[in-house]
Amino acid sequence: MNQQKPFRLITIPVSHYCEKVRWALTRMKCNFIEEPHTPPFHTFVTAKLGGKTTPILVTDTEIFTDSTDILKYLDSIALNENKLYPHNPELRQKVEELEKLFNSRLGIATRRWGYSYINHNYKNVQRAWCKGVPSIEKILLPLIFPYMQKILRKRFNLTTESSQEAYVQIKIIFAKVSELLADGRTYLVGDNFSAADLTFAALAAPIIQPPEHPMKPRPLTEIPVKMASEIEEFRETLAGKFVLRLYRERNI
Ligand SMILES: N[C@@H](CCC(=O)N[C@@H](CS)C(=O)NCC(=O)O)C(=O)O
């Protein structure tokens with residue numbers, strides 16, 4: 001790797017797609033600086049870098065604007081023991097299929113589920129969005145909060161039924177993952193940790209709230225009762241236990 005400067009990682013701190021990349025960089029012991037932003041202020045930075053969403057990874061020579069592209073890039077520079085995609089083409093295909101499924105369905109559903117519960121409450125949104133962001137963004141958030149609530153409702157189609165609809169979607173994917181794990185295997189594909197495991201755990205984290213998560217989740221007693229009981233229910237599944245285990249091992 002010819003990278004001289006630390007990587008720049010542009011994030012919305014609570015974003016689970018950002019956590020996916022943060023985890024990969026941490027695991028590879030890459031030198032990186034996270035630049036967290038509160039929505040919608042992230043757009044000033046993402047637009048300059050040619051992207052719309054976070055995460056964005058800036059290297060000395062390239063800019064990556066999608067979490068899967070970032071993982072593939074990191075894999076290309078990783079030492080053998082840190083590779084996230086298997087050499088074996090069949091196993092690699094399985095990893096890529098699962099990563100795609102988790103990105104396109106699980107991540108969308110856990111985000112919708114989470115916002116359905118916290119969107120009404122300024123304090124909860126502030127807590128989710130403001131960790132480590134520039135002071136000016138923290139100061140401006142209360143002023144634009146009503147506008148951001150509208151945007152969230154529209155973008156994620158938040159309705160009175162949305163938490164339940166998202167819950168059902170999550171349940172379907174958790175059932176599929178629990179079925180894969182039912183034979184006692186350690187990882188979803190092959191014998192090694194891969195992008196499939198990392199993507200599943202990072203994108204499932206909003207509904208599992210692993211205590212080791214860098215966003216430091218609040219105790220279940222401090223969140224809405226129904227939300228807490230759904231978290232407990234998912235934690236009890238094989239897939240949920242798998243996420244809790246991967247998070248316990250995340251920083252080892
Ligand atoms: N496909 C993208 C999705 C990332 C994504 O949806 N990021 C959200 C945060 S969870 C975002 O930045 N949203 C801000 C926006 O849409 O303006 C990836 O995997 O990188």
Side-chain angles (χ1 to χ4, degrees), residues 7-25 32 34-59 62-75 84-85 95-119 124-134 137 140-141 144-145 147-158 162 166 169-170 173 194-209 213-215 217:
F7 291 120
R8 287 175 63 201
L9 176 64
I10 318 301
T11 65
I12 292 171
V14 76
S15 159
H16 47 355
Y17 291 96
C18 295
E19 162 62 2
K20 175 182 162 188
V21 171
R22 186 191 289 123
W23 186 342
L25 285 162
F32 74 100
E34 182 168 340
E35 296 177 25
H37 290 281
T38 302
F41 305 108
H42 68 285
T43 52
F44 297 121
V45 185
T46 54
K48 264 194 226 153
L49 295 170
K52 281 194 176 132
T53 55
T54 58
I56 293 186
L57 187 80
V58 183
T59 77
E62 285 175 278
I63 297 173
F64 299 93
T65 58
D66 176 82
S67 65
T68 300
D69 293 344
I70 298 173
L71 255 54
K72 295 248 163 82
Y73 163 71
L74 292 177
D75 191 67
L84 288 167
Y85 299 88
V95 167
E96 288 178 345
E97 279 169 10
L98 284 173
E99 183 180 14
K100 199 169 169 195
L101 170 78
F102 301 146
N103 265 321
S104 61
R105 291 187 46 203
L106 179 68
I108 307 285
T110 51
R111 178 169 62 194
R112 191 166 180 233
W113 176 86
Y115 279 125
S116 299
Y117 280 112
I118 70 163
N119 178 45
N124 287 341
V125 174
Q126 197 262 359
R127 191 180 182 282
W129 282 2
C130 290
K131 191 168 181 264
V133 304
E137 299 182 8
L140 292 176
L141 183 62
I144 56 158
F145 182 60
Y147 164 75
M148 288 314 290
Q149 274 184 307
K150 258 193 216 156
I151 302 254
L152 285 175
R153 272 202 298 273
K154 197 164 162 212
R155 185 161 305 174
F156 302 137
N157 187 20
L158 303 180
S162 54
Q169 288 298 312
I170 300 167
I173 301 192
S194 75
D197 304 300
L198 188 154
T199 304
F200 178 67
L203 299 187
I207 201 157
I208 297 297
Q209 304 268 313
H213 195 285
M215 283 301 292

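Whatever order the structure lists ligands and atoms in, that order sets their numbers, starting from 1.
- The nearest heavy-atom contact from the protein to atom 18 (C) of ligand 1 is Asp66 OD1, 3.3 Å.
- The contact set between ligand 1 and Arg155, taken as ligand atoms under 4.0 Å from a residue heavy atom, comprises 15 (C), 16 (O), 17 (O).
- For atom 17 (O) of ligand 1, the nearest non-hydrogen atom from the set His37, His16, His42, Lys20 belongs to His42.
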- prompt: Run the salt bridge (Lys or Arg N to Asp or Glu O under 4.0 Å) check on Arg22 and Glu19 step by step: do they pass?
  reply: CA-CA 5 Å; Arg22 186 191 289 123; Glu19 162 62 2; 2.8 Å; yes

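- There is no side-chain donor-acceptor pair under 3.5 Å between His37 and Thr54.
- Checked against a 3.5 angstrom limit, the closest N/O atoms of Tyr17 and ligand 1 fall outside it.
- Distance NZ/Lys48 to OG1/Thr43: 10.5 Å, rounded to 0.5 Å.
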- prompt: Does the side chain to side chain donor-acceptor pair (under 3.5 Å) test come out yes or no for Thr65 and Lys52, once each step is laid out?
  reply: CA-CA 8 Å; Thr65 58; Lys52 281 194 176 132; over 6 Å; no

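- Here's the thing with Ser67: one of its N/O atoms is less than 3.5 angstrom from an N/O atom of ligand 1.
- Between Thr65 and ligand 1, a contact under 3.5 Å exists for no N or O pair.
- Judged by the shortest distance from any of its heavy atoms, Pro55 lies inside the 4.0 Å radius around the atoms of ligand 1.
- For the atom pair Ile108 CD1 and Asn103 CG, the distance stands at 8.5 Å (nearest 0.5 Å).
- Distance check, rounded to the nearest 0.5 Å: CZ of Arg111 to CG of Leu158 gives 10.5 Å.
- For Ser15, no nitrogen or oxygen atom sits less than 3.5 Å from a nitrogen or oxygen atom of ligand 1, counting backbone and side chain alike.
- Here Leu84 contributes atom CG and Trp23 contributes atom CH2; the two are 10.5 Å apart, rounded to the nearest 0.5 Å.
- For atom 13 (N) of ligand 1, the closest heavy atom belonging to the protein is Thr53 CG2, 4.0 Å.
- Residue contacts with ligand 1 for Ile70 are absent, since no atom lies close enough (heavy atoms, distance under 4.0 Å).
- We find the CH2-CG distance between Trp129 and Leu141 to be 6.5 Å, quoted to the nearest 0.5 Å.
- Checked by distance only, ligand 1 and Thr54 come closer than 3.5 Å through their nitrogen or oxygen atoms.
- Within the listing of ligand 1, atoms 12 (O), 14 (C) sit less than 4.0 angstrom from a heavy atom of Ile12.
- At the top of the distance list for atom 6 (O) of ligand 1, counting protein heavy atoms only, stands Arg111 NH1, 3.0 Å.
- Distance CG/Leu152 to OH/Tyr115: 6.0 Å, rounded to 0.5 Å.
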